[in-house]
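Order of the sequence lines fixes the chain letters, A, B, ..., with proteins taken first and strands second; residue numbering starts at 1 for each chain. From a predicted model like this one, the values you see are computed outputs, not experimental measurements.
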Amino acid sequence: MSFSNLGLSEKVLAAVAATGYTNPTPIQEQAIPHVLARKDVLGIAQTGTGKTAAFVLPMLTILEKGRARARMPRTLILEPTRELAAQVKENFDRYGAGQKLNVALLIGGVSFGDQDAKLTRGVDVLIATPGRLLDHTERGGLLLTGVELLVIDEADRMLDMGFIPDIERICKLVPFTRQTLFFTATMPPEIRRITEAFLHNPQKVEVSKPATTAVTVTQSQVPAGREAHEKRELLRRLLREAKDLKNAIIFCNRKREVAIVHKSLQKHGFSVGALHGDMDQPARMAALEQFRKGELPLLVASDVAARGLDIPEVSHVFNFDVPHHPDDYVHRVGRTGRAGRTGTAISIVTPLDQKSMVAIEKLIGQSIPRAEGDYEVHADGGEQGDRPRESRGRDRDRSRGGRGKPQRGRDRERSHEPREARHAADAAPSSDAKPAAEARPAREARPAREARPPREARQGSEARHGSRPQANNSHVPSIGRPEPRRQREIDTEPGDHSHLPAFLLRPVRSPAGA
DNA sequence: AAAAAAG
């Protein structure tokens with residue numbers, strides 16, 4: 001099967017050919033002819049099945065005839081998240097390059113006025129998240145009475161997010177006679193109900209995309225203690241040691257955790273961005289764009305990034321937190337191994353996550369092996385094994401995750417002299433970068449030197465992982481970003497960077513240490 | 001349990 005006999009226009013076929021795609025995916029093959037026949041379509045398909053092109057391509061063909069009038073878009077596409085909406089717009093830009101189409105994106109968090117101006121000029125395709133769309137209609141800047149074709153994408157997710165009342169309102173504003181394309185990954189009763197209300201004699205198109213992960217993705221789980229700082233330490237180690245890591249998305253369950261992990265990785269010298277819904281929209285777009293372009297190899301994200309985002313060639317997905325819902329696991333892991341490429345998905349699993357993992361394994365129908373390597377709690381002196389708690393105090397993260405609330409550096413230092421003495425010693429090699437205000441009193445620097453032996457011992461234990469052949473880390477330097485880190489530590493809390501990956505540290509015998 | 005979306 002090729003694109004050429006689906007009924008798409010020459011222009012659209014040329015645009016598809018230009019992108020290198022030759023064969024339609026099953027959902028495209030089934031849906032496109034129905035859309036072109038102006039039938040309603042009920043598409044049951046997960047993301048990653050080529051669903052977006054399944055409506056974008058025929059819409060482009062349909063839109064070749066006719067022209068948009070001011071404030072009256074000809075077609076409307078509803079998306080649950082701003083990123084997905086932006087991504088659909090990119091599809092129109094890509095495949096519609098040869099057409100003079102006006103495509104407008106109506107999403108929150110960005111300038112209202114620009115959007116309004118665009119609406120005034122007339123748009124062929126309006127892509128929107130519900131809130132901002134209703135905002136525009138209520139202010140009178142937008143009339144939906146000219147909409148010929150309505151797309152409701154990711155309907156089940158909209159349901160999860162409480163958007164269905166908004167969707168129902170919007171549907172009342174578009175003509176009854178419009179064509180409707182409705183996409184959902186699942187069919188819960190509430191979704192079934194609204195398909196009956198919104199669709200007229202729909203053609204059902206179902207892609208058997210079992211709730212499973214791609215065979216090209218190597219999955220593993222790594223046990224961890226439940227403390228967040230332990231998980232962060234483990235994450236850093238996994239990042240350092242990951243094979244063939246080109247870029248990675250690190251998923252957390254909570255926005256707060258995203259921010260913490262992001263900041264922590266930054267402090268440890270990683271080149272990393274963040275993406276969650278509490279960030280302002282320009283920051284969200286910038287992070288995603290930098291990640292897509294490869295400028296940022298690492299992205300810490302909430303589930304806003306789990307579904308639908310098309311980021312080609314994500315080599316690794318890390319679950320910093322195991323998702324509580326198994327579907328989310330499938331979506332997250334689906335960010336890698338796309339289009340037949342290989343990928344790696346590594347989940348950090350605490351004892352509390354065991355139940356979730358069982359549910360995930362049941363859903364995907366396979367067991368997820370424990371990662372190879374000594375990630376277990378070891379009897380032979382491992383990271384979590386017989387390593388004394390005191391010697392782990394070197395991990396500054398501990399002051400946050402371990403005690404619940406962030407503590408100011410100074411308070412910490414008074415709390416436990418012996419440990420902090422070592423702490424100071426650890427900090428010494430990189431403390432040259434610190435502003436004077438953060439320098440520790442000399443009184444504390446002195447015991448630091450006396451405490452050097454324990455530090456060496458600990459570095460040895462760290463080197464157990466770091467002592468792997470250099471080649472193992474050879475891919476990582478692009479991830480590390482030593483210089484900016486030294487800038488950043490100024491506006492984060494003072495602390496020790498001795499646990500940076502070996503390749504990020506200046507020579508072991510740095511001036512301060514020699 | 002949380003995230004997402006309108007300010």
Side-chain angles (χ1 to χ4, degrees), chain A residues 47 76-88 105-116 119 126-142 152-170 173 184-186 190-191 226 228 231 249-262 274-285 287-288 299-309 319-332 334-335 347-350 352-360:
Chain A
T47 53
L76 171 61
I77 300 167
L78 297 173
E79 295 288 337
T81 69
R82 298 169 183 176
E83 277 74 15
L84 280 174
Q87 185 171 294
V88 171
L105 191 57
L106 294 197
I107 59 174
V110 294
S111 159
F112 192 96
D114 294 352
Q115 295 174 352
D116 197 54
L119 290 173
L126 188 57
I127 304 156
T129 47
R132 183 58 72 94
L133 180 87
L134 287 168
D135 204 349
H136 279 279
T137 57
E138 280 158 15
R139 298 197 203 187
L142 172 61
I152 299 167
D153 199 15
E154 305 258 336
D156 53 348
R157 198 175 177 200
M158 301 235 210
L159 174 68
D160 285 349
M161 292 164 66
F163 283 169
I164 296 303
D166 286 347
I167 300 300
E168 289 180 315
R169 282 175 65 200
I170 292 164
L173 300 173
T184 182
T186 58
E190 180 68 359
I191 293 293
R226 75 171 71 169
K231 291 170 69 175
I249 305 180
I250 298 146
F251 283 105
C252 303
N253 286 356
R254 292 186 264 289
K255 291 179 278 197
R256 223 186 97 245
E257 198 69 23
V258 169
I260 292 169
V261 171
H262 174 238
L275 183 64
H276 64 72
D278 277 354
M279 291 163 57
D280 65 58
Q281 192 57 23
R284 283 167 68 162
M285 295 196 290
L288 191 57
L299 185 69
V300 187
S302 69
D303 279 316
V304 69
R307 300 191 193 201
L309 288 191
N319 284 314
F320 182 82
D321 299 310
V322 175
H324 288 103
H325 201 294
D327 285 348
D328 290 331
Y329 178 89
V330 176
H331 287 298
R332 291 178 180 186
R335 297 308 97 206
S347 300
I348 296 176
V349 182
T350 73
L352 293 175
D353 298 321
Q354 290 305 334
K355 252 193 273 174
S356 300
M357 283 309 289
V358 170
I360 287 164

Between C1' on B:dA1 and CZ on A:R332, what's the gap in Å once rounded to a whole number?
11 Å

Once rounded to the nearest 0.5 Å, what's the spacing between atom CD of A:Q87 and atom CG of A:L288?
8.0 Å

Exam field: side chain A:Q115 to backbone A:I107, donor-acceptor pair closer than 3.5 Å
yes

Separation of A:Q281 CD from A:E83 CD (nearest 0.5 Å)
5.5 Å

Could you run down nucleotides 2-7 of chain B 5' to 3' and tag each one B, S or - for protein heavy-atom contact under 4.0 Å?
SBBBSS

Heavy-atom donor-acceptor pair, A:N253 side chain to A:V322 backbone, under 3.5 Å
yes

Residues pairing under salt bridge (charged side-chain N to carboxylate O under 4.0 Å, His left out) where one sits in residues 131-141 of chain A, two or more places apart or in two chains, turn out to be A:D135-A:R139, A:E138-A:R169

